[in-house]
Amino acid sequence: MEITRRLLLAMTGLAAAGQAHAQAEAGWPSRPITLIVPNPPGGGTDFAARLFQEALGQALGQPVVIENRSGGNGNVGILAAARAKPDGYTLLLQYSGYHGANTALQPDAGWDPNRDLAAVGMATLAPHVIFAGPGISVSSLAELVAHIRENPGRVTYASAGTGSIQNIGGLQLAQRVGAAMLHVPYRGAAPALQDVVGGRVDIFITTPSSAMSLLKGGQIKALAVASDARLPALPDVPTTAEAGLPGYTVDAWFAVFAPAGTPAAVIEKLNAALRAATQSPKVQEVAAASGVVLKPLTVTEMDAMARRDVETLARVVREAGLRLE
């Protein structure tokens with residue numbers, strides 16, 4: 001009888017705990033949500049977070065608070081998100097370059113993209129643009145290619161960090177051109193752009209969102225869009241194929257992730273809110289003006305894309321012998 005009584009009590013306790021957990025999920029969110037950005041303010045990741053901040057908060061009925069936690073090639077902020085309580089109140093605005101390449105660059109980074117983070121949904125898809133600063137006298141992609149070939153190993157290109165999409169894009173451009181370039185890594189797109197504008201680095205292959213104001217101000221030049229189609233925000237800038245370098249494309253995504261173990265019901269609510277935010281006229285207007293593409297995906301679609309890029313980018317990193325400095 002005693003054993004039976006204890007078993008009944010245990011079952012009752014489990015049922016009560018399960019009910020409480022379900023009620024907590026049903027009441028989510030009941031307080032502000034923190035969205036960690038693993039970069040300094042001003043770059044493409046920060047742009048994506050701020051693009052969705054207000055509309056996502058409105059869709060969820062709670063404020064979304066952005067927390068920039070840069071350092072370690074994004075690993076500082078990513079690790080903070082991965083270690084956060086999986087309750088839906090701490091999220092990560094992840095950059096595909098970090099997600100796919102970082103743990104190949106640094107196996108002891110402390111987090112695993114497939115094990116420690118759960119995909120929520122896409123924020124933006126960002127075609128990259130080849131920008132040139134005043135430190136290099138070129139006005140077209142053809143002139144840049146010729147200059148790289150005439151000055152092997154001397155043309156410098158910036159990136160948001162070793163193993164980033166910009167780094168990989170620069171390696172691929174050098175391979176296509178047949179001449180080496182010198183990589184100059186930074187802690188995010190914003191400081192990289194500062195040195196490109198200052199003439200200390202020659203080119204930067206990056207998302208246009210972080211560079212539009214500099215482009216409009218004449219401080220940098222857009223040579224080509226490294227994607228399959230021209231951007232509405234840059235209608236006069238040719239694609240790389242149109243400019244004489246077919247097949248050279250550099251695209252990145254910025255997406256929301258949650259700590260692994262976050263309840264599926266919460267992740268689905270987040271995904272629905274993120275997809276709803278893409279319908280905001282303000283979000284659509286700013287995205288179009290900034291050269292980024294809104295691409296609402298389901299949780300399953302985002303997870304599949306992320307896992308595929310982990311495999312692809314990690315292979316590029318290994319083949320190039322890249323390591324975090």
Side-chain angles (χ1 to χ4, degrees), residues 42-48 51 95-97 123-149 155-160 164-177 179 181 184 186 188-190 192-199 201-254 283-295:
T45 315
D46 185 70
F47 169 83
L51 174 66
Y95 161 52
S96 58
T124 60
L125 182 70
H128 281 50
V129 174
I130 303 174
F131 292 102
I136 184 170
S137 298
V138 298
S139 57
S140 69
L141 181 59
E143 290 181 6
L144 174 64
V145 169
H147 188 75
I148 295 170
R149 287 172 175 161
V155 174
T156 54
Y157 72 95
S159 82
S164 64
I165 297 294
Q166 296 107 326
N167 181 192
I168 292 171
L171 285 171
Q172 292 172 328
L173 178 60
Q175 290 173 352
R176 288 294 306 276
V177 170
M181 295 191 294
V184 184
Y186 291 84
L193 280 167
Q194 289 176 3
D195 274 7
V196 174
V197 169
V201 183
D202 295 323
I203 66 170
F204 191 22
I205 305 166
T206 191
T207 55
S209 59
S210 58
M212 290 299 287
S213 61
L214 298 172
L215 180 64
K216 291 176 181 178
Q219 295 166 279
I220 56 176
K221 292 169 285 188
L223 304 182
V225 177
S227 195
D228 296 331
R230 293 194 184 199
L231 296 175
L234 301 170
D236 298 325
V237 179
T239 65
T240 44
E242 292 172 331
L245 205 63
Y248 177 73
T249 59
V250 185
D251 291 316
W253 48 255
F254 299 92
V283 170
Q284 293 179 345
E285 179 183 354
V286 174
S290 303
V292 299
V293 178
L294 300 176
K295 193 176 180 68

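Hydrogens, waters and symmetry mates are skipped; everything else that's a heavy atom, side chains included, is used.
Here Pro246 pairs with Arg176, Ala241 under the side chain to side chain contact (heavy atoms under 4.5 Å, CB included) rule; sequence neighbours left out. Among residues two or more places apart in sequence or in another chain, the side chain to side chain contact (heavy atoms under 4.5 Å, CB included) test is passed with Leu171 by Tyr157, Asn167, Ala320, Leu322. By the side chain to side chain contact (heavy atoms under 4.5 Å, CB included) test, Val138 pairs with Ala132, Ile136, Glu143, Leu144, His147, Leu223, sequence neighbours left out. For Tyr95, the ring pair (Phe, Tyr, Trp, His ring centres under 6.0 Å) partners are Tyr98, Phe254, not counting sequence neighbours.
Listed by first and then second residue, the salt bridge (Lys or Arg N to Asp or Glu O under 4.0 Å) pairs involving residues 216-236 are Arg230-Glu242 (not counting sequence neighbours).
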Hey, can you pull the donor-acceptor pairs under 3.5 Å for the side chains in residues 284-295, sequence neighbours left out?
residue	atom	partner	partner atom	Å
Gln284	NE2	Thr278	O	3.0
Ser290	OG	Val286	O	2.8

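The two residues Leu234 and Pro208 come nearest to each other via the heavy atoms CD1-CB, 4.3 Å. Of all non-hydrogen atoms in Ser227 and Asp251, the two that sit nearest each other are OG-OD1, 3.3 Å. Contact record, Leu125 with Ala252: CD1-O, 3.4 Å, taken as the closest heavy-atom pair. Among all heavy-atom pairs drawn from Thr206 and Gln166, the shortest one is OG1-NE2, 3.2 Å. Ala160 and Phe204 get closest at one heavy-atom pair: N-CE1, 4.3 Å. In this structure, Ala189 and Gly44 approach most closely via the heavy-atom pair CB-N, 4.4 Å.
Atom CD of Gln172 and atom OH of Tyr248 lie 6.5 Å apart (nearest 0.5 Å). Expressed to the nearest 0.5 Å, how far CD1 of Ile205 lies from CG of Leu173 amounts to 5.0 Å. Interatomic distance, Thr240 OG1 to His128 NE2, rounded to the nearest 0.5 Å: 12.5 Å. Distance check: Asp202 CG to Thr156 OG1 gives 3.5 Å after rounding to the nearest 0.5 Å. The distance from atom CZ of Phe131 to atom CE of Met212, rounded to the nearest 0.5 Å, is 7.5 Å. Distance CG/Leu245 to CG/Leu141: 5.5 Å, rounded to 0.5 Å.
A 4.5 Å side-chain heavy-atom check between Val129 and Leu231 finds at least one atom pair inside the cut-off. Inter-residue side-chain proximity for Thr124 and Leu51 is flagged as met; some heavy-atom pair is nearer than 4.5 Å.
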Under the side-chain contact (heavy atoms from CB on, under 4.5 Å) rule, what do Val196 and Ile203 come out as? Steps first, then yes or no, please. CA-CA 7 Å; Val196 174; Ile203 66 170; over 6 Å; no

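Side-chain atoms of Ser210 do not come within 3.5 Å of backbone N or O of Gly43 as any donor-acceptor pair.
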